[in-house]
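Right, one structure below, let's go through it.
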Amino acid sequence: MKEKYKEMLDTLRELCAIPAPSHMEYKRAKYCKNWLEKAGAKGVYIDEAINVIFPLNCEGSNDITVFAAHTDVVFPDTESMPYIDDGEKIHCPGVGDDTASVVVLMMLAKYFIENKMVPPKGILFVCNSCEEGLGNLKGTRQIFKDFDGRIKQFISFDCSYNKISDRCVGSHRYEVEVLTEGGHSFQKFGNANAIHVLSEIISEIYKVQIPQKAGSITTYNVGSIVGGTSINTIAQSAKMLCEYRSTDKECLEMMCRKFEEIFENARSEKVQVLVEKIGDRPCSNIDDKKLDRLKNICKPIIERIIHEPVAFESASTDCNIPLSLGIPAICIGVYQGDGEHTREEWIEKASLALGLEIAIKIARLLGEVEDEK
Ligand SMILES: [Zn+2]
């Protein structure tokens, strides 16, 4: 295990040094493909969505289990980001979410290769692309397109190991642009101002009463605005990014109708409101009971290894895609850390060894290379 621990840390340091904003994961994907091939993996390929795929005994199988971790990070940086190993922790943006998980996933694949384990129904190991933000789950969508109907369960490694997300949060994201005639601030005073119209739209959004369906959580947000030309110009254009999310499909649809109404009401002969949907993450479309088996297997294994209780939560992850298709999926953690999506993110170094233990135990059970206990 000592050797493995060192190998994990070396791999983590090398992967962290490769920038990987969503849609720009190619260098990381190539690194992962080479790494897996060096570990003895056969048949590894990079698909058109920049997923790295290692199918193990999947040929002819219609009962495939997927283990996935995403290669992209939320940061737009295209240069390496600072990587600090203080002996106990590693500090680097994206180190936990989800780079450490990718390392554990590859180590898991290597464990299967080294031990010549042949999962009878096939396992797909995937370092997937585009999980974050406007990546819009492109990588996972591609997997379910290419393996249409053949995947029967999906496990994503993506978060600290004291959490499991078993419920997915759906969302719609928009770029909204208001266009008006504008003009000179003095000579054309009274002409519609795009900034003013957009502000009114935002005020209306913040008056929306969120749906009160029992057990559901719904939220909305305006995340950024830009617009205008100069201090003495009636703004001709103003833009914003906004979103709403919900754990419930019906609530998501209700929010959709409310937002569309607000956009429509702002339109007039002199005001254009252009709405582009830039993100669409589906809600779950599966009976919760169908997730019990995965939950009942994963939770006790993780708790036994980390000696802490594990909590269930809702999140927006790669699991949204299988869950929306009615396929059991769960998102578990294989490291301990904090500060995801901030530049202060860190992980506990020692947690990687526990993470690998979790991954191996769960993969052996779900891959049916040992009996369920
Ligand atoms: Zn993530």
Side-chain angles (χ1 to χ4, degrees), residues 11-12 15-16 18-25 28-29 32 49-52 66-77 81 90-108 125-143 154-171 173 243 245 247 279-282 284 298 302 310-324 329-348 351-352 355 358-359 362:
T11 307
L12 183 62
L15 255 185
C16 279
I18 308 171
S22 304
H23 300 287
M24 295 172 72
E25 302 93 340
R28 272 204 189 188
C32 293
I50 334 182
N51 293 311
V52 184
V66 176
F67 289 93
H70 65 87
T71 49
D72 60 326
V73 296
V74 282
F75 305 95
D77 304 47
M81 287 179 281
I90 293 165
H91 307 256
C92 179
V95 61
D97 183 11
D98 199 25
T99 315
S101 304
V102 172
V103 173
V104 172
L105 179 89
M106 293 200 297
M107 290 296 290
L108 173 66
F125 297 95
V126 183
C127 308
N128 67 277
S129 66
C130 283
E131 191 272 345
E132 298 290 2
L134 297 177
N136 204 26
L137 311 180
K138 181 180 166 193
T140 315
R141 286 179 212 268
Q142 187 73 39
I143 299 162
F154 181 93
I155 292 84
S156 168
F157 297 160
D158 190 359
C159 61
S160 289
Y161 51 38
N162 52 0
K163 291 179 278 189
I164 289 179
S165 62
D166 63 324
R167 293 181 68 201
C168 69
V169 181
S171 65
R173 291 165 170 174
E243 63 158 27
R245 303 178 176 222
T247 52
D280 184 347
R281 295 178 176 229
S284 176
C298 295
I302 298 173
V310 168
F312 289 107
E313 60 168 30
S314 308
S316 174
T317 70
D318 281 311
C319 293
N320 283 44
I321 299 299
L323 290 173
S324 74
I330 198 165
C331 177
I332 64 169
V334 287
Y335 67 85
Q336 179 61 286
D338 205 356
E340 287 97 338
H341 293 201
T342 74
R343 291 187 186 266
E344 288 73 45
E345 184 174 5
W346 56 267
I347 66 157
E348 268 169 28
S351 71
L352 289 175
I358 292 169
I362 289 174

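Atoms within a ligand are numbered from 1 in the order they appear, just like the ligands themselves. Positions are given from 1, in the same order as the sequence printed here.
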Self-check item: Atom of Gly355, atom of Tyr161 and distance for their closest heavy-atom approach
Solution: N-CE2, 4.4 Å
Quiz item: Which heavy-atom pair separates Ala68 from Asn128 by the least distance, and what is that distance?
Solution: CB-OD1, 3.6 Å
Quiz item: By side chain to side chain donor-acceptor pair (under 3.5 Å), which residues pair with Thr11, not counting sequence neighbours?
Solution: Trp35
Quiz prompt | Residue list, ring pair (Phe, Tyr, Trp, His ring centres under 6.0 Å) with Phe125, at least two apart or on another chain | solution = Phe54, Phe112
Quiz item: Counting no waters, what protein N/O/S atoms lie under 2.8 Å from the Zn ion (ligand 1)?
Solution: His70 NE2, Asp97 OD1, Asp158 OD1, Asp158 OD2
Exercise. Measure from the side-chain N and O atoms of Asn320 to the backbone N and O of Pro282, and report whether any donor-acceptor pair falls under 3.5 Å.
Key: yes
Quiz prompt | With sequence neighbours excluded, residues passing salt bridge (charged side-chain N to carboxylate O under 4.0 Å, His left out) with Glu348 | solution = none
